[in-house]
Each structure stands twice: as C-alpha cells, then as structure tokens.
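Worksheet: one structure, shown below.
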Amino acid sequence: MSGAPVRRGGPPLPSTLRELSRPGRRASGFATLDVPEAGVPGDLAREGRPGLPEVAERDIVRHFTRLSQMNYGVDTGFYPLGSCTMKYNPKVAEATAALPGFARLHPHQPEDTVQGALELLWTLERSLCEVTGMHRATLQPPAGAAGELTGLLIMRGYHTKNGNPRSKIVIPDSAHGTNPASVTMAGYVPVHAPSDARGLVDLGQLEKLLDEEVAGLMLTNPNTLGLFEEEIEGIAEAVHRVGGLLYFDGANLNAILGRVRPGDMGYDIVHMNVHKTFATPHGGGGPGAGPVAVVERLEPFLPAPVVAHDEATGRFRWDRDRPDAIGRVHGFHGNFGILVRAFAYVLAHGHDGLREVGERAVLNANYLATLVRDAYPLAFPGRPMHEFVSTARPLKAHGVRAMDVAKRMIDLGFHPSTVYFPLIVEEAMMVEPTETESKETLDAFAEALLRVAREAAQDPELLHDAPTTTPVRRLDEARAARDLRVRW
Ligand SMILES: *Cc1c(COP(=O)(O)O)cnc(C)c1O
C-alpha cells in the first residue's frame with residue numbers, strides 16, 4: 001500500500017469512515033419524544049457508547065461512491081480474465097430477478113403458492129439437460145466448486161451402491177485448482193494425468209493410470225488450456241472400461257454451447273457455472289450457482305429434494321422421497337435469484353442465440369490470439385476455442401515478466417488477463433475475451449498488449465513501476481499473503 005488514496009488534482013482523501021468522523025455529526029435525526037421514556041434494563045445496557053463513526057449522509061454517500069469508482073467490473077470495461085468468463089451481463093436478467101413475484105418469495109411457502117417458481121426451476125433444469133445432453137440435474141450447489149463436490153459425492157454414492165466407493169480420481173495436470181481440492185474434500189486421492197506436447201490428455205499415459213480403484217476422470221472439454229480434447233471418445237471408453245465415470249467441468253460451457261453436448265461425448269456428470277456461462281455478474285466469491293446434471297443411471301443419487309412434475313394435473317411439487325440421494329448440499333433450494341437470471345438468459349437467447357454465444361466466444365478468442373501472437377506466442381500449437389494461453393516468455397530477455405505486462409495494462413485502462421495459470425505454462429497469460437465484446441474493443445486491447453511488448457524492449461522500468469495511475473500501486477503479494485493484516 002503506497003499511502004492514502006489521492007484524488008487527481010486534489011488533497012488526499014480520508015480512507016475510512018472512521019477518519020471522516022466528527023463528534024456530533026449525524027446522518028439522521030429522530031423526532032422529539034412524545035411518549036414516556038423507557039430505559040433499557042441495566043443488565044442489557046452497554047457500558048459505553050458503541051464507537052460508531054459520526055458522519056453526515058453526504059459523507060457516507062461520497063465515501064461509498066468514491067470506493068465504487070475505484071472498482072472495475074464488466075459494466076466498466078473489458079475484463080478478459082481467462083477461465084473466468086467475465087462477460088457483459090444483459091440487464092434483462094437483473095430486471096427479471098428483481099420482479100417481486102420472484103424476489104419476495106419465501107422458501108418455506110406452501111407448494112400451492114409457488115407453482116410459478118417451481119415451474120421455472122423445472123424448466124431451467126430441462127434446458128440445462130438439453131444443452132448438456134444429460135437426463136436430470138440438481139440446482140442446489142451455490143458455486144462451481146460446490147458443483148464439483150456434489151458431482152464427486154454422486155460418484156461416491158454410485159460406486160458405494162455397487163459395493164466399493166473406490167479411492168482415486170484422475171485429473172489432468174492443467175486442471176483448474178478447484179478440481180484437486182474438490183477431489184480431496186470428497187475423500188478421494190487426486191492422480192495427475194500428464195498433458196502431451198499438444199496440450200491434450202495423453203491417452204496412452206492415461207490408460208496406464210486407470211484401474212479398478214479409479215472412481216472417475218475429471219476433464220473439461222475444451223480443456224483448461226482452451227483446447228478441444230480430440231480423443232474424447234477414446235478417453236471416455238477407457239474410463240468406462242474400468243467402471244469409472246467421466247466428469248465434465250462445465251464452468252465455461254460457453255465454448256461449446258449449442259454445438260456439441262458433453263452427454264454425446266460420453267460424459268456422465270456435468271457441472272455448469274451459471275454465473276459464468278449464463279450471465280450473472282460474479283467475482284469476489286459469489287453469489288453463484290453450480291447446477292450438476294447427470295445421466296439416467298446416476299439420477300437416484302442427486303441431492304434431494306428435486307422438482308417433480310405431475311403430467312396429469314400439471315402441478316409441480318418437491319420430491320423428497322429419494323432413499324439413495326447424497327443429501328442436501330445447500331440450504332433451501334440453492335441461490336434462487338441466480339437461477340432466475342440464468343433462466344431469463346436462456347429464454348432471451350433461445351436455441352439459435354445460445355449457439356451463437358458459443359460461436360462468437362470462439363471467434364473472438366481466435367481473432368485476438370491472431371492479433372497478438374507475434375509478441376506473445378501461443379503456448380500450444382492447436383487452434384484455441386473460447387480462450388487462449390500465450391506466454392510472455394520472449395519479454396524475459398528484457399527482464400520483463402507476465403506480471404509486469406498485467407500491471408502495465410491497468411495503466412492503459414484494461415483489466416489484465418489471467419497470469420501464471422495454468423501452472424504448466426511458463427509466464428502464462430490466459431485470455432478469454434468472451435462473446436460479448438465488439439471488434440473495436442478487441443482491436444484496442446490487442447494494440448495495448450503490443451504497445452506493452454514494445455515498451456518492454458525500450459523502457460522496461462516503465463513496466464516494473466506499473467501501475468502508476470491507480471489509487472493503490474503495486475502490492476507486495478508475498479507479504480500480503482504472509483503478513484496478513486486485515487484491520488486498518
Ligand atoms: C471458475 C471455475 C471453477 C470454480 O467455480 P466457482 O464458482 O468459482 O467455485 C471450476 N472450474 C473452472 C474451469 C472454472 O473456470
């Protein structure tokens with residue numbers, strides 16, 4: 001931290017409401033008392049004043065508005081954070097979720113009074129099964145990682161029912177960090193499958209890792225390097241041959257939306273991040289929703305309750321009579337408001353619109369990769385899908401690293417890409433432009449990245465100092481983690 005935030009052209013601003021506090025200043029007043037005063041019983045009263053900041057309404061509004069202006073989000077600008085799918089989120093989804101008929105429901109209301117909400121959940125479940133090629137889904141998990149854990153517990157339930165829960169889950173070395181964490185939480189041992197020179201799972205090596213102790217393989221497709229696993233059918237066959245299940249991490253499903261379905265590739269379980277693929281602003285840890293869809297033979301193990309639809313009467317109800325269910329994974333029925341947004345997004349796009357989402361996501365990533373690849377070569381030779389991984393390795397000759405590029409991009413007005421992930425790529429820069437951006441934005445971002453590459457050769461110090469235009473300069477990240485101080 002390099003001292004107090006500075007207003008451009010003005011005096012330093014106080015950083016906290018406490019610094020703004022002046023004795024006696026108030027944001028609200030009470031009318032004169034016109035009833036007898038009743039004291040708080042002595043044993044319940046505080047000994048001293050609570051010590052809250054004393055500020056005017058004006059101070060509060062300016063303080064929080066100023067803080068909000070230091071922030072960056074998808075409504076402020078381009079946000080090409082690889083593996084995060086930070087797309088612009090259409091406001092129709094927000095408006096729908098805010099409708100009082102959705103926003104003011106109580107999860108304990110009798111079923112008869114929430115038929116519309118149940119129908120929404122039912123229809124959303126059908127839509128998600130349609131785009132994934134699966135049989136049924138649970139909408140309970142509140143995040144992608146929670147979906148992973150749910151999917152793995154379903155695997156455990158299935159294998160246990162067959163007599164042996166098994167002990168290992170195979171994941172590729174390029175996997176998202178939540179994958180091995182979820183595997184461990186589900187009580188399995190993660191086993192790493194190596195990527196080959198193309199950045200794809202090496203089928204020959206994979207087969208050597210497979211035996212009757214393997215409960216399943218977690219593999220996203222396109223994989224975490226943004227590359228399509230061409231041998232997916234062979235991989236599925238090899239996993240099924242040893243009785244294992246195939247798990248699809250569909251956090252970034254927009255790469256294949258409306259084009260191919262995990263179910264048709266041989267997958268048994270899919271989780272989706274509707275807060276990435278189906279438009280909910282995310283970041284900072286939530287809220288989200290990570291529905292999990294499964295093939296027919298895994299349906300009994302889905303968390304209970306699930307929505308049931310009676311064709312004869314047209315009524316919807318909660319089906320709680322599910323003896324093999326793995327149990328609840330979230331209070332009530334998941335993050336309902338996020339599911340409403342996802343439903344609005346699906347309806348607003350329709351079949352053709354969702355397909356176009358996938359096509360444009362891939363087109364934008366390939367266009368951008370082509371503009372910048374001379375300065376930032378692709379880490380792998382294949383054609384990327386919805387995101388690409390390039391490397392800042394050539395800049396190392398000037399003493400410049402991917403982190404310097406990222407920080408300099410902030411000065412140039414852009415949110416940087418993901419850096420240093422996936423771990424298997426040196427000086428990795430993982431860029432996911434998403435389908436929602438215009439050609440002008442992609443051109444401007446590419447121009448900025450190329451400018452930074454030129455600056456690296458001419459004036460590397462400029463990059464080491466960056467960012468210089470932000471309220472907070474470059475942080476010492478190692479110290480921030482090791483010497484954590486969360487009090488001002
Ligand atoms: C974001 C992401 C996750 C985790 O999702 P959360 O909602 O953050 O828990 C898992 N896998 C991949 C590939 C992701 O991009």
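Because the structure is a prediction, the values reported are computed rather than measured.
Here Glu387 does not pair with Lys276 in a salt bridge; the nearest charged N to carboxylate O distance is not below 4.0 Å. Salt-bridge annotation for Lys91 and Asp75: present, with a side-chain N of the basic residue lying under 4.0 Å from a carboxylate O of the acidic one. Salt-bridge check for Arg241 with Glu207: passed, with a basic side-chain N closer than 4.0 Å to an acidic carboxylate O. A salt bridge does not link Glu119 with Arg126: none of the charged nitrogens is closer than 4.0 Å to a carboxylate oxygen. Salt bridge annotation for Asp404-Arg474: present, with a cationic side-chain nitrogen under 4.0 angstrom from a carboxylate oxygen. Under the 4.0 Å criterion applied to side-chain N and carboxylate O atoms, Glu426 and Arg393 are assigned as salt-bridge partners.
Proximity of Thr224 to Met430: side-chain heavy atoms (C-beta onward) are separated by under 4.5 Å at one or more points. Considering only heavy atoms from C-beta on, Asp268 stays 4.5 Å or farther from Tyr158 through its side chain. In this structure, the side chains of Arg317 and Asp310 stay at 4.5 Å or more apart for every pair of heavy atoms. Between Phe228 and Val362, the closest side-chain pair of non-hydrogen atoms is not below 4.5 Å. Within the 4.5 Å cutoff, the side chain of Asn364 has heavy atoms near those of the Leu442 side chain. Residues Glu237 and Leu203 have side chains not in contact (no heavy-atom distance under 4.5 Å, counting atoms from C-beta outward).
Annotation for Gln115: atom CD counts as buried by contact number, over 12 foreign heavy atoms lying within 6.0 Å.
Remark: the Asn221 side chain and the Glu229 side chain contain no N/O donor-acceptor pair separated by less than 3.5 Å. Counted by atom type alone, Glu432 and Ser83 present zero donor-acceptor pairs between their side chains at under 3.5 Å.
Remark: side-chain polar atoms of Arg341 are not paired, donor with acceptor, to backbone N or O of Ala279 under 3.5 angstrom.
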